[in-house]
Amino acid sequence: MLNSNSKEKIKKAIVLACLTSIILSQSGCWSYHELNNFSFVVAVGIDKGSSEGKFKLIEQLAMPGGIKSGSGSKGGGGGGDTFWNIESEGETMFNTVRDLTRIVQRKPFFGHNRVIVFGKSVAEEGILKYLDFMTRDTEPRTTAWMVVAKGKASEILNMKPHLDKIPADKIEKVLEGHRNTSQFHNIQVREFLENMLSKSKASVVPIIELIEQEDVKKEAGREASSGGGKSEENTKDKVLKLNKSAVFKDFKMVGELDNIQGRGYSFVTNNVKSGVVVINDRDSKDKIDIEIFSAKSVVKPVIKGDDISIKVSIKVNSGLGGQGNNVNHAKSEELKKLEKELNAEI
């Protein structure tokens, strides 16, 4: 049996344990931040500045109030807008990012940044100093997509997106949609840096541009009260399109691949996931669509004396997607013809 002293010690130990657990459970969030003190960056654009040695930084900020209300997608900082593009010029990324807080009065938060758009002139000059900030700072994600604007990055980020509320969303969906063609290799900051830091690799980045699309607006308004006539208005609207790929070496854009070369690059680097290859029927001269379901490539160096060549073996799983004649391609001899034409095209 326990004596009175032992019982008292046990009681004190139980009370002390309870007090300790209560104190620990009452600890607060010492590192919390108020959301109202931040502006959320969803896209970043970089162009050449107005003078030598300077660049222009564009931050695309999401406007939660405008997105929630379901209003139209437009820039600016007024009520109902879904995004706001702010710009500043500087010589270093860190200082320019901080300088933008004078305009927004809120610290930019890069944790939600999804895409980085480089103007072509900046890409040709070199992008190392911009990516250094994006990887050195703790907030930006290395999973952000990279694209090169055919002209200026500001033109891409200022476009009016269709079916989406902010340009950052539109760019992401354009990249996602072109995976079905395998003509472009979508690349994130992390993979780009791995390639650039390798002694044996270069890297490619999709080139994005704005193209004008003729749009006939049949009914610009309701029937006029005076005559009941309907007005027609011709308008030109611009849409985003991927066209060609930028080739980088030593963090500088040194050339371009057209879309056919881009798919060739995807074949060699084992990145073909889907796509359609158009071949010619030798007998009828008609065009035939071959849909690619999957592809796997093996690349091996071949050394003969002082000569070095590369052997690329590609295995493709494909199917007949469409034809312009009534030939029965299910026959084995017709299938062999298609395979031969597909091999030659690839």
Side-chain angles (χ1 to χ4, degrees), residues 33-47 56-88 97 100-101 103-119 134 139-141 143-180 184 186-189 206-217 219-221 233 235-243:
H33 297 285
E34 291 287 349
L35 292 179
N36 291 337
N37 295 330
F38 290 87
S39 56
F40 294 94
V41 181
V42 292
V44 171
I46 299 172
D47 284 322
K56 180 187 291 184
L57 174 67
I58 306 104
E59 290 182 3
Q60 185 164 103
L61 308 179
M63 307 289 284
I67 295 174
K68 185 177 180 180
S69 66
S71 61
S73 301
K74 53 182 179 178
D81 296 330
T82 57
F83 67 94
W84 181 21
N85 290 341
I86 57 173
E87 302 178 358
S88 181
V97 168
L100 281 171
T101 58
I103 304 174
V104 187
Q105 287 85 45
R106 294 184 183 184
K107 183 181 182 297
F109 180 72
F110 286 86
H112 295 291
N113 180 45
R114 284 172 270 169
V115 62
I116 306 175
V117 185
F118 293 99
M134 294 295 178
E139 287 182 3
R141 298 180 181 180
T143 55
W145 299 107
M146 293 176 57
V147 292
V148 173
K150 185 178 180 180
K152 293 182 178 180
S154 59
E155 295 174 352
I156 301 298
L157 293 180
N158 281 318
M159 62 86 62
K160 179 182 178 182
H162 298 82
L163 305 179
D164 295 287
K165 294 186 178 299
I166 53 179
D169 288 340
K170 184 65 178 180
I171 295 171
E172 265 196 319
K173 290 181 180 178
V174 168
L175 291 170
E176 182 68 27
H178 278 281
R179 284 184 176 177
N180 294 326
F184 308 92
N186 299 345
I187 192 165
Q188 296 174 328
V189 172
I207 297 176
I208 197 165
E209 64 177 323
L210 282 172
I211 61 172
E212 291 188 346
Q213 179 173 276
E214 192 75 14
D215 181 22
V216 179
K217 198 173 183 180
E219 289 189 12
E233 180 184 358
T235 61
K236 283 188 176 180
D237 213 356
K238 291 187 176 182
V239 294
L240 285 177
K241 179 183 178 182
L242 294 183
N243 188 23

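Since the structure is predicted, the reported quantities are computational estimates derived from the model, not experimental observations.
Checked options Val117, Ile116, Leu175; the residue passing with Trp145 is Leu175 (criterion: side chain to side chain contact (heavy atoms under 4.5 Å, CB included)). Screening Glu172, Met63, Arg114 against Ile166 for a side chain to side chain contact (heavy atoms under 4.5 Å, CB included) leaves a single residue, Arg114. Considering Phe83, Phe40, Trp84 in turn, Phe83 is the only one that fulfils the side chain to side chain contact (heavy atoms under 4.5 Å, CB included) rule with Gln60.
A heavy-atom distance below 4.5 Å is not found between the side chains of Pro167 and Ile156.
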side-chain contact (heavy atoms from CB on, under 4.5 Å), that's the test. Do Ile58 and Ile46 meet it? Break it down for me.
CA-CA 6 Å; Ile58 306 104; Ile46 299 172; over 6 Å; no
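Asp47 places a side-chain N or O within 3.5 Å of a backbone atom of Ser154 that can act as its donor or acceptor partner. Between the Asn113 side chain and the Val41 main chain, no donor and acceptor come within less than 3.5 Å of each other.
The two atoms that bring Val44 and Leu157 nearest to each other are C-CD1, 3.9 Å, heavy atoms only. Here the shortest heavy-atom pairing between Lys238 and Met159 reads O-CE, 4.5 Å. Nearest heavy atoms, Ala168 versus Val42: CB-O, 3.6 Å. What you find for Asn158 and Glu87 is that their closest heavy atoms are ND2-OE2, 4.4 Å. Heavy atoms only, all atoms of each residue included: Thr82 and Lys165 are closest at OG1-O, 2.7 Å. Minimum interatomic distance between Phe184 and Leu242 (heavy atoms only, all atoms of both residues): CZ-O, 3.5 Å.
Taking CG of Asn85 as the start and CD of Glu59 as the end, the distance is 10.0 Å to the nearest 0.5 Å. One distance of note links CG of Leu240 with NZ of Lys173; it measures 13.0 Å at 0.5 Å rounding.
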